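See below for the structure under consideration.
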Amino acid sequence: MQQLTKTVASGKSTLTILHDLSLSVAHGASLAIVGSSGSGKSTLLGLLAGLDVASSGEIYLAGNALSGLSEDGRALLRAKTAGFVFQSFQLLPDLTALENVMLPLELSDRVDARHLAEQWLTKVGLSERMQHTPRQLSGGEQQRVALARAFAPGPAILFADEPTGSLDSATGLVIADLLFTLNREAGTTLVLVTHDETLAARCQSQLRLAAGRVVSQQGLAA
Amino acid sequence: MKWSMNWMLFRRSLAAGEFRTLLLALTIAIAALSSVGSITERVQHLLLGQANETLGADLVLRSDHEIAAPLSNAAQVQGLRVAKTATFPSMVGVHPQASAPVAGEMPAAASSISAETEPAALTLASVKAVSGLYPLRGDLRLQDGSRISAPQAGQALIDQRLQSMLGIEVGAILDVGLLQLRVVGILGQEPDAAFDFSSLQPRLMMNDADLAASGLLGFGSRVKYRLMLAGDALALAEWRLQATPQLERGQKLESVSDARPELKDALDRASRFLKLAALLAACLAAVAMILAARRFALRHYDMVALLRTFGATRRQVQQILLAQLALVAAMAALLGGVLGWLAQSALVALLKSSLPASLPAGSSIPWLLASVLGVVLLIGCAGPMLMALAQTPPLRVLRREIEPSTRVGVQWLVTAVLMLGLLYWIANDIQLALMVGTGVVLALALAGGLGLLLLRGLQRILPGATVKIALRQLQRQRVLVAAQLGALSLGLMGIALLTVVQSDLLSAWQRQIPAHAPNHFAINIQPEQASAVAQQFSQQGLAAPTLLPMIRGRWLALNQQPVEPERYGEARAQRLAEREFNLSVAPSAVSEQGKIVAGQPLQANIPAWSVEEGLAKTLGIAVGDTLTFDVGGIPISAPVANLRQVAWESFQVNFFVMGSASLLQAQTGSWISSFYLPPNQTQWIASWVRAMPNITVIDVGQVLNEVQRVITLASSVLRLVLILCVLAGLTVLIAALDTTESERRREAAIMRALGATSKRLAAVWWVESLLLGAVAGLIAGVCASVLGWCLATQLLNIPMALNLLLPLYTILLGMFLAALTVWRRLRVFAQTTPMVLLKD
């Protein structure tokens with residue numbers, strides 16, 4: 001991303017959430033975006049993933065400039081390149097674990113959706129729970145399903161928003177291990193938002209934000 | 001996008017109850033529309049079938065000269081059944097020599113005929129020569145009711161009048177032209193007799209193979225030919241298309257709709273009215289669908305945001321949502337179709353005894369139409385909401401406070417336009433559609449607003465903490481509660497109004513009819529028979545009936561301007577202007593002339609007309625206008641002296657147009673009379689008619705029974721529709737409860753956390769629902785009573801007391817229906833614990 005700025009209208013004045021940020025993440029690398037609440041980390045993640053548009057500056061996702069793309073163009077790009085893991089899991093409550101994992105695969109018209117989903121659920125240790133709905137699963141299990149769902153389509157880049165934020169420390173550790181293992185095996189680029197310093201430390205590089213500005217960065221080429 | 005994924009999402013949402021209310025509401029709408037559609041179609045088929053029977057065929061070509069063979073040959077080629085008739089007046093007499101050879105028979109067979117037959121004077125008869133297949137529709141029956149086929153060569157069928165005139169029995173030989181025909185039966189019923197102009201003369205029916213030999217069809221004979229066709233509708237249409245350009249002067253095609261426009265009009269109007277009633281159910285269901293769609297949208301923001309995050313385009317999301325809607329529609333069409341079919345079948349089974357004949361089976365067209373209407377309704381109600389849902393920004397996965405902008409105004413506008421379109425489609429009249437549409441919206445708003453006011457009033461009066469909490473809950477969601485009150489009370493009001501109209505109004509009307517109102521009409525009495533008729537009556541111990549002249553006249557001109565029926569816009573006005581009028585002479589006593597609403601009474605010595613008020617309005621006739629009628633070829637002109645009101649329900653003989661004595665005294669016509677005959681004296685009519693065979697007696701009682709049967713059928717269908725309306729109102733209740741379910745669950749948890757017992761919570765819900773039902777019932781009952789009363793006293797001038805018990809019944813019914821929803825809520829909230837708060 002280059003000279004990224006995000007402003008929002010707040011009454012009559014304009015509020016700048018992100019100030020002139022520039023960085024690049026190499027293919028297969030991992031980046032942690034850290035900072036306190038309100039520092040702009042989630043906004044940055046949303047911009048990087050093309051969920052939102054920057055006020056100025058440019059973002060290249062897997063080599064594609066996002067500013068030239070429409071909402072649907074960005075959606076298609078996400079379908080091809082990006083995977084997501086959220087703090088609150090974001091599983092569809094009425095669908096089974098298997099169906100939740102199949103969902104993005106079906107959206108990409110993958111004919112082997114069911115087979116792939118089963119493979120990934122087995123990989124995250126849920127081969128026995130495929131037909132269970134989120135309500136019947138613990139928080140850790142739900143996040144495993146979310147991981148399987150994120151990795152199953154084989155994304156080039158994975159965006160994770162506080163992936164362990166809703167879990168107890170022991171379960172969080174297990175999920176983090178699983179996330180990094182799968183990421184390594186799949187060779188996926190990882191962009192992770194967290195306020196957990198231990199989790200951030202496991203990434204190859206870290207970007208620290210405060211009030212929308214970069215206060216420090218490690219392992220990153222500016 | 002894979003269909004399997006759409007199916008999977010639909011299945012899961014269905015199992016989770018997301019579509020329950022939408023499905024229920026749409027099912028009810030489709031059931032209402034399809035059951036009404038099906039039953040009106042079946043009745044229409046029955047009545048058209050009966051009307052075809054009175055035509056004797058499906059299509060008739062009438063001609064004043066012989067019909068060329070190619071036309072009938074073409075019909076046969078197209079697989080149609082064909083029959084021919086030729087009708088003409090001819091003198092008929094009893095053959096003096098019984099042993100004379102009979103056409104088509106061997107002399108030996110004829111010799112068995114009794115030689116004692118007395119020769120009788122010749123009499124004029126209407127001879128009808130028919131081909132072997134006649135009649136194609138309906139039955140030819142003998143007097144004992146048994147069915148008989150067309151007479152064969154050498155045979156004749158005669159009616160009772162001819163039998164009486166000639167004084168003969170079955171087996172007699174008649175001279176018909178050069179032929180002798182043997183009488184093989186006395187005709188009791190001839191399906192197409194009503195369409196014969198000459199049916200006033202006695203009938204002799206023979207086979208058309210004998211026509212040539214009879215020598216009756218000479219030059220100048222007044223013969224009416226008919227080519228009758230029956231069979232497949234498509235083949236008939238095709239033949240009609242081919243035949244129309246070949247028609248010559250004096251030839252005319254007639255089908256039921258051509259021959260009986262008033263029947264077709266009446267049917268169209270009745271079915272349109274019932275369909276509009278069914279649309280009321282659909283309107284109420286639409287309110288439920290809008291609420292259900294709103295809830296669905298609210299609960300699916302996350303799913304859509306997630307799908308968009310995964311890379312689904314807006315189009316893909318729209319496709320997914322549309323597929324969900326399509327599946328809901330398909331399922332509702334199936335369920336609604338079954339429910340509608342069951343409802344109308346049950347209704348037909350219940351009414352079996354009062355239906356005129358067994359109804360023909362219905363087609364699937366009403367169901368298909370209802371399903372299409374249902375889909376349009378669903379798109380109108382849920383479409384805009386779901387399309388807005390598709391706009392959910394993907395960023396919601398990170399910021400839950402982001403919601404798509406739901407343009408409520410656009411949503412309602414789309415729904416209103418679609419509903420109006422549906423109304424217009426069914427009513428076929430933009431003014432009526434607008435009136436019904438506005439009426440329903442106003443009624444909903446009024447009932448809802450009134451209900452809210454009542455609830456507010458109750459809050460001040462009713463004591464008790466539970467009641468206060470319940471009333472506070474109802475006051476909070478005003479729009480939702482108003483929608484619930486409006487929908488439920490509208491459904492209940494429909495049922496209540498029908499009850500008032502059907503039972504109270506009918507009985508009030510029946511009380512209006514004098515105990516000894518005439519129950520018979522006698523027509524075609526010849527002027528010279530007047531004294532003989534009076535004598536017949538006095539022999540039976542009955543008072544001599546009042547005889548009124550009935551003079552046929554064609555309306556020629558209004559204020560010297562020739563009458564042009566096509567200039568009238570209204571179909572009824574066109575028909576009235578076209579047809580022959582029955583004119584009569586007004587009684588000399590002013591008190592017997594009816595209630596005059598404009599102008600002066602007729603005076604015997606001043607030539608003038610008196611016109612019925614309604615007819616005058618339809619045809620644009622005013623006091624002072626000059627009317628000219630052609631009576632027996634002589635134009636008769638006079639000014640209109642007055643417009644009068646006619647009490648049709650009095651069952652006295654009434655006329656649209658009456659002339660003063662000096663205007664019509666020179667004209668000849670037959671006489672008409674109405675009289676009351678006690679039920680035990682009806683046997684006498686048969687002997688009277690036998691003595692004076694030209695007179696026709698009509699039993700009004702039978703006509704009234706027919707009318708009663710039609711009313712029973714129509715009101716039963718309406719009742720079914722209104723029950724579905726109430727059910728639709730109930731779905732609004734459920735949909736509104738669903739909308740607030742999560743809030744309610746949270747509230748329940750807070751109340752439980754604060755120490756409320758489950759009993760206390762249940763009591764609040766009971767009171768809340770029962771109050772809602774009671775208020776809706778009260779509004780419905782009071783409005784129905786007042787509306788019914790207004791209808792009776794103001795519109796129909798029937799004195800009727802307000803039915804004060806009705807609101808009590810509707811309150812109880814409303815409370816019962818609302819109670820059904822409590823049971824649902826109690827089940828949902830039974831497991832609610834304060835833990836919900838912690839989990840959230």
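This structure is a prediction, so every number in the text was calculated from the model and none was measured.
Between the side chain of B/R314 and the main chain of A/D72, no donor-acceptor pair closer than 3.5 Å is present. Using a distance-only test at 3.5 Å, with no hydrogens or angles considered, no donor-acceptor pair links the side chain of A/Q90 to the main chain of B/L306.
The side chain to side chain donor-acceptor pair (under 3.5 Å) search around B/R295 returns none, not counting sequence neighbours. The side chain to side chain donor-acceptor pair (under 3.5 Å) search around B/E18 returns B/R299, not counting sequence neighbours.
Residue contact with chain B, scored on non-hydrogen atoms closer than 4.5 Å, involves the side chain of A/R149 exclusively. Proximity to chain A involves both the backbone and the side chain of B/M303, based on heavy atoms less than 4.5 angstrom apart. Contact annotation for A/S88: neither backbone nor side-chain heavy atoms come within less than 4.5 Å of a heavy atom of chain B.
In this structure, the separation between CG on A/D94 and NE2 on B/H300 is 6.0 Å, given to the nearest 0.5 Å. Here B/D302 contributes atom CG and A/F86 contributes atom CZ; the two are 10.5 Å apart, rounded to the nearest 0.5 Å.
Counting only heavy atoms from C-beta outward, the side chains of B/P394 and A/E71 approach each other to under 4.5 Å.
Each of A/S108, A/A150, A/P104, A/P153 has some count of heavy-atom pairs under 4.5 Å with chain B, and the biggest count is that of A/P104.
Atom CZ of B/R294 is surrounded by 12 or fewer heavy atoms from other residues, nucleotides or ligands within 6.0 Å.
With respect to B/R12 and A/E99, a salt bridge is recorded, a charged nitrogen being found less than 4.0 Å from a carboxylate O.
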>> Assess the residue pair A/L95 and B/L9 against the criterion (side-chain contact (heavy atoms from CB on, under 4.5 Å)); give the C-alpha distance rounded to whole Å, side-chain angles, the decisive distance to 0.1 Å, and a yes or no.
In response: CA-CA 8 Å; A/L95 267 51; B/L9 287 172; 3.9 Å; yes
> What's the verdict on side-chain contact (heavy atoms from CB on, under 4.5 Å) for A/L47 and B/L395, showing C-alpha distance, side-chain angles and the deciding distance?
Replying inline: CA-CA 9 Å; A/L47 290 174; B/L395 198 59; over 6 Å; no
